[in-house]
Protein chains: 2
Amino acid sequence: MFQVPTKTQYAIRALVHLALKESDSAAKIAEAQMISPKYLEGILNQLKLAGIVTSDRGRSGGYRLAKSSEQIRMIDVVQATEGAIRPVDCVDNRSVCVMGATCIPRKFWIGLKTAVDDYLSSVTLKDLAGDTFVQIGKE
Amino acid sequence: MFQVPTKTQYAIRALVHLALKESDSAAKIAEAQMISPKYLEGILNQLKLAGIVTSDRGRSGGYRLAKSSEQIRMIDVVQATEGAIRPVDCVDNRSVCVMGATCIPRKFWIGLKTAVDDYLSSVTLKDLAGDTFVQIGKE
DNA sequence: CGATATTCCTATTATTCCGATAGGAATTGG
DNA sequence: CCAATTCCTATCGGAATAATAGGAATATCG
Ligand code: FES
Ligand code: FES
């Protein structure tokens, strides 16, 4: 359960790479991180649209972080690659629930979403890439 | 992201139903909870194997909770339908990581798993269904 | 007993999502 | 111009999920 798609795993590996290496091309990142190169291109483009990385085209182009690594929260990365955290559709839009207004499990799903959101919001790229990472989310 | 399979959503709906109605057949539960009947049969069987419900065959058979609802943690339900919480394979088995021993994101994934596990462990069926035992429309 | 309602078992199909690939257009530096 | 790059769009294959199908085993009741 809660298998995280490889797309998101790749995005995170690529960002860690950029945090350490400053700037690199998609092909170089793909090789170093063992990711399908063409697939990674699309992922980096999503990260760019989300304002997490910037890119330069042309001969000596490549990608770099758009902000400092402590400003990049993991929840933003996840949302860039997969959209909002939504264990079940109804957490955003109650009307999609077949059980109607009296639906009992809804609070439970919202609680789960909150738990995940809170954790992902609490960790930044710097926490991963630096040696200062501490495990948050467990109190 | 983190879309929860319908199987698990159905399992929870079915358990809420049983918590309120004490005993019912798969067909009745399916109708009340708007779940494909044959699909639900298989799900209830998984819950039985996990010791969450019990069943009686034959003419006036059906399913009932195997324990009181406060003893049924949601993490047990999720594990019964989907197996262990494992955002990425490496949280259980480090050797599957292509990046080897120096893998940086691993602590992050373990933290995510922990956040989800902790939440699911903290909620019981009773928390969802409430403690008032109500008989829903006797047939 | 015999009819019926149920769980239980196994196999198959349908659907959806994901990962990856393909080919090339646009851009830029040298 | 040329080469390296990002960027765009389309498609394919495979895996996982959801659902269906048919029936065997079991129990109840009249
Ligand atoms: S409102 Fe979410 S399952 Fe009903
Ligand atoms: S050990 Fe998990 S991604 Fe490397």
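Order of the sequence lines sets the chain letters (A, B, ...), proteins ahead of strands, with each chain counted from 1.
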Got a sec, which hydrophobics cluster with [X], joining ILVMFWY side chains under 4.5 Å apart, including via others?
X	result
B:M99	A:M34, B:V98
A:L49	none
B:V96	none

In whole angstrom, what separates [X]'s [atom1] from [N]'s [atom2]?
X	N	atom1	atom2	value
A:Q46	D:dT6	CD	C1'	15 Å
B:I43	D:dA19	CD1	C1'	10 Å
A:I35	C:dT21	CD1	C1'	16 Å
A:M34	C:dG19	CE	C1'	18 Å

**Asked** With sequence neighbours left out, which residue pairs that include part of residues 85-99 of chain B fulfil the salt bridge (charged side-chain N to carboxylate O under 4.0 Å, His left out) condition?
**Response** B:R86-B:D92
**Prompt:** Do any pairs count as a salt bridge (charged side-chain N to carboxylate O under 4.0 Å, His left out) and have a residue in residues 65-78 of chain A, sequence neighbours left out, and if so which ones?
**Reply:** A:R73-A:D76
**Message:** With side chain to side chain donor-acceptor pair (under 3.5 Å) as the rule and sequence neighbours excluded, what pairs involving residues 42-58 of chain B come up?
**Reply:** B:K7-B:Q46, B:K48-B:S55
**Request:** Enumerate the residue pairs fulfilling side chain to side chain donor-acceptor pair (under 3.5 Å) with a member in residues 11-22 of chain A, sequence neighbours excluded, ordered by first and then second residue.
**Result:** A:H17-A:D24, A:H17-A:Q33, A:K21-A:D24
**Item:** Min side-chain heavy-atom separation B:L125-B:L65 under 4.5 Å
**Value:** yes
**Fill in**
With B for base contact, S for sugar-phosphate-only contact and - for none (protein heavy atoms under 4.0 Å), nucleotides 12-18 of chain D reads ------B
**Complete:** Nucleotide by nucleotide, nucleotides 3-16 of chain C touches protein heavy atoms under 4.0 Å in the pattern (B base, S sugar-phosphate only, - none) --BBBBS-------
**Prompt:** Can you name the residues that form a salt bridge (Lys or Arg N to Asp or Glu O under 4.0 Å) with B:D127, not counting sequence neighbours?
**Reply:** none
**Message:** Applying ring pair (Phe, Tyr, Trp, His ring centres under 6.0 Å) as the test, list every pair that has at least one member in residues 93-117 of chain A; sequence neighbours left out.
**Reply:** A:F108-B:Y119
**Request:** Using five pairs at either end of the helix from C:dC1-D:dG30 to C:dG30-D:dC1, determine the angle between the two local helix axes and round it to 10 degrees.
**Result:** 10°
